[in-house]
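Along the sequence shown, residues are numbered consecutively beginning with 1. Remember, it's 1-based here, ligands and their atoms both numbered in the order they're listed.
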Amino acid sequence: MKLQSQLLPLLGVTFIASQGCAEKKKTVQPNIIFIMSDDHAYQAISAYGDRLAAVAPTPNIDRIAKDGMRFDRCLVTNSISGPCRATILTGKYSHMNGFLQNEATPFDGSQQTFPKLLQAAGYQTALIGKWHLDSDPTGFNHWDILPAQGHYYNPDFINASGKYQEQGYVTDIITSKSLAWLQDAAKSGKPFMLMMHHKAPHRQWEPASKNLGRFKGVEFPLPETLFDDYANRGQAEKQQDMTISKTMRIDSDLKIWSDTAAPEYKRAVGRMNPEQKAAWDAFYGPIREDFMKKKLSGRDLTLWKYQRYMNDYLACIQSVDESVGKVLDYLKESGLDKNTIVVYTSDQGFYLGEHGWFDKRFMFEQSYRTPLLIKWPGVIKPGSVNKDMVSNLDFAETFLDAAGLPIPDDMQGVSMLPVLKGNTPADWRKEHYYAYYEYPGWHSVKRHYGVSTERYKLIHYYYDIDEWELYDRVSDPLEMKNVYNDPAYSAVREELTKKLDALQVKYKDSEELRKSFLPKK
Ligand code: SGN
Ligand code: CA
C-alpha cells in the first residue's frame, strides 16, 4: 500500500505491479472523501472570490481549490436537499429515481446507487451526518446519520443499532466520527469511500459557542439585488415566500425573542447544556436589547436582518471550514492524501440576500449553482479553474470511473474524469436540464422546469400558473429581466425551446409524467 501511494503521483492511477512470478496490470483505486454541507452558497467560499471572501474567508476549503480544481458552473438537477442527495447517489434525475421532493415518499434504497457499486467492487463505504432521504441508507458498510434535518446542539444520531444522543456541536461530532471511521478504514488496506455530510449551515443558522462572536463588528457587503422588487418578472418571483424582509423570522432565525418563555427561545436552547446556554444568552442577550431600542422598520429592518443573517450563517461555516482542515491534515499526516480524491460541495446553492431572498429552489444562479472543489494529486492540476457545465448528476459516474468501474447505461450523467484531467471533450454538455417539484410547499416556489446554456436560461412555471421566462446572462447577469416576450429574442427562444424538448426526450421526462406527480386535488 505504502509503495503504491508513493508511486501514484508519478505514475497516475495505473501502474504495473508484480505479484509472485505473474506480472499483471493493476489499477490503483483511489479513496474518495465526499464532503457535502447543506445550503452552503458559493458566495460564502473565499476560493470563489465573491463579495464575502475578504470578510469571511474559508482558508481550509480553499486548500482544496489550491491543490485541485474549482468548478464555476456545477448545476444541480432540482435545487432542494433530498432530491439532490438522491441524484448524487443514483446519477439520475428526480423523475427517474423517484425522490422528487423533501419528506414526501421515502427514497427507494433497493435501487442502484454508486456506493452500492463501489461496495460490491471491494470498497469500504460509509455515510456520516445528514441523510434526509427518510429510509435507512443502503450500500454502506457503516452509517451514522442525523434524523431528518438534525439538531445543531447535542444532536441525536441513528445508526444500524438505533437512535441515540451525542453531546457537543453537530459539525464537530460529524468530524470526529468521520476521522475515527477513516482511521479504521485506512487500516484495512482496502480502498474507501466516505460521504461526510454536514448539517451546517442550514437554517436556523446556529453557530458553535466558540464562534458566536466571530463576526462581531463586521459590516457585510450587500448584494446588488437585496431590494429587488421583481419588476420585469412573473408571478413565481412575486409570489414566493422566502424574502429576508417578510419571511425571515426575527425570533427563530435571528434569535430575538420576546422573553425566555417564548416557544422559539425554548426550542433553540432546549437541547443545550448550561455552559452552551450561558454562551448563547451572553451573545444574543445584548443583541436583543440593542434591537429593542432601535425600533427598526422598512428598509432599515431588512438591512439589519441581512447583517444578522450573515453573522450567524457565516459563523456556522467557520466550523465547517475547520472540519475540512482537520480532514485534510489527517490525510496529509497519514500519507493517504496521495491516493485520495477529496470533494467539497453543498447539496445545493443558496441565496444570501440576492433578489432579497434566503433559501433556494429557483433556477436562478445562486441556488441552481452549487460550489464544487475537487483535489486528486497526480490527476488534477493544482489551482485549476473549470467553467464547463458539470452537474451533481455526474458525481456517481465520476466516482465509478475514477475507481475503474463500468458506468451503468441507465445513469443519466457523464463521468467528469476527462474534465478533471483538464481535457474536456468537445462534445461535453452545452445545455443542462432542471426540474423542481416541491409546490405547494415551504417557501412557495412554483413548480418549474427549464434549460440552461452558458448564456441563456429558459424556464417554464406550471401547475397553478403557465408562465415562461427567458434570461440572457450576458446582458443581464443578475437575472432581473425576463425577455421571453421581447421580439429581439424570438430566435433564441425558439432555439432554447427545441433544446428543452430534446433534453426531456433524452432524460425521459414528459408532461404526462409531470402530471402524474401533481398533488391529487
Ligand atoms: C426546513 C426549513 C426551510 C427549508 C427546508 C428545506 N425551515 O423546512 O427553510 O427550505 O427545511 O431545506 S426551518 O424553519 O425548519 O428551518 S433543505 O436544505 O433540507 O432542502
Ligand atoms: Ca439544503
Side-chain angles (χ1 to χ4, degrees), residues 34-45 74-89 94 99-107 129-134 145-153 155 170-171 174 195-207 240-244 246-257 262-268 270-271 305 309 312-313 316-317 320 344-353 355-362 366-372 392 436-446:
F34 179 81
I35 309 174
M36 182 160 77
S37 49
D38 195 340
D39 293 354
H40 193 175
Y42 60 81
Q43 307 92 292
I45 292 179
C74 179
L75 305 172
V76 298
T77 54
N78 177 1
S79 182
I80 187 80
S81 168
C84 285
R85 293 161 200 274
T87 286
I88 290 168
L89 292 170
S94 310
F99 203 94
L100 293 108
Q101 56 185 73
N102 284 341
E103 293 139 26
T105 312
F107 179 70
K130 183 166 170 181
W131 169 246
H132 209 199
L133 289 172
D134 309 324
I145 61 172
L146 298 169
Q149 293 285 7
H151 288 100
Y152 276 103
Y153 279 88
V170 71
T171 307
I174 290 169
M195 302 184 87
M196 181 178 176
H197 290 183
H198 286 296
K199 167 189 171 59
H202 192 272
R203 196 182 182 194
Q204 278 107 0
W205 318 301
E206 296 172 12
Q240 46 59 42
D241 179 24
M242 49 189 260
T243 58
I244 292 181
K246 291 205 188 75
T247 314
M248 186 178 281
R249 293 180 60 143
I250 296 286
D251 55 4
S252 52
D253 289 326
L254 302 179
K255 294 90 176 175
I256 305 293
W257 15 79
E264 283 308 319
Y265 175 75
K266 288 189 174 158
R267 190 209 56 79
R271 302 180 69 91
K305 288 172 91 175
Y309 166 37
D312 286 353
Y313 177 89
C316 288
I317 289 167
V320 176
Y344 185 84
T345 189
S346 168
D347 57 347
Q348 14 65 206
F350 211 67
Y351 296 97
L352 304 183
H355 301 291
W357 294 334
F358 66 103
D359 215 67
K360 49 259 176 181
R361 300 158 195 270
F362 276 105
Q366 292 82 8
S367 59
Y368 179 35
R369 252 182 77 182
T370 199
L372 179 66
N392 59 356
Y436 172 79
Y437 305 86
E438 197 174 299
Y439 179 87
W442 277 93
H443 301 299
S444 293
V445 175
K446 295 183 191 297

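Close contacts between ligand 1 and Ser81 involve ligand atoms 17 (S), 18 (O), 19 (O), 20 (O) [criterion: under 4.0 Å to a heavy atom]. If you number the atoms of ligand 1 from 1 as listed, the ones under 4.0 Å from a heavy atom of Lys130 come out as 19 (O). Short contacts between ligand 1 and Asp359, defined as distances under 4.0 Å to a heavy atom of the residue, involve ligand atoms 4 (C), 9 (O), 10 (O). Residue-ligand proximity, Lys360 to ligand 1, at heavy-atom distances under 4.0 Å covers atoms 4 (C), 6 (C), 10 (O), 12 (O), 17 (S), 18 (O), 20 (O). Those atoms of ligand 1 with a heavy atom of Asp39 less than 4.0 angstrom away are 18 (O). The Asp38 neighbourhood of ligand 1 comprises atoms 18 (O), with distances under 4.0 Å to a heavy atom of that residue. Each of the following atoms of ligand 1 lies closer than 4.0 Å to a heavy atom of Gln348: 18 (O). Remark: ligand 1 atoms within the under-4.0 Å shell around heavy atoms of Gln149 are 1 (C), 6 (C), 11 (O), 12 (O), 17 (S), 19 (O).
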Worksheet item: Can you list the steps and then say if His132 with Ile145 is a side-chain contact (heavy atoms from CB on, under 4.5 Å)?
Response: CA-CA 9 Å; His132 209 199; Ile145 61 172; over 6 Å; no
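From the protein, the heavy atom lying nearest to atom 8 (O) of ligand 1 is Trp442 CE2, 3.1 Å. Atom 3 (C) of ligand 1 has His443 NE2, 3.4 Å as its closest protein atom, hydrogens excluded (heavy atom only).
Among all heavy-atom pairs drawn from Val320 and Ala200, the shortest one is CG2-CB, 3.7 Å. Taking each heavy atom of Asp39 and His202 in turn, the nearest pair found is OD2-CD2, 3.1 Å.
At a 4.0 Å heavy-atom cut-off, ligand 1 does not touch Met248 at all.
Taking a cutoff of 4.0 Å between a charged side-chain nitrogen and a carboxylate oxygen, Asp38 and Arg85 qualify as a salt bridge.
Taking the ring axis of Tyr42 as reference, the NZ or CZ atom of Arg369 stays within 45° of it and closer than 6.0 Å to the ring centre.
Looking only at side-chain heavy atoms (C-beta outward), Arg361 and Trp442 come within less than 4.5 Å of each other.
Counting only protein N, O or S atoms, 5 lie closer than 3.0 Å to the Ca ion (ligand 2).
One option in Lys199, Arg361, Gln204, Arg203 has a heavy atom closer to atom 5 (C) of ligand 1 than any other, and that option is Arg361.
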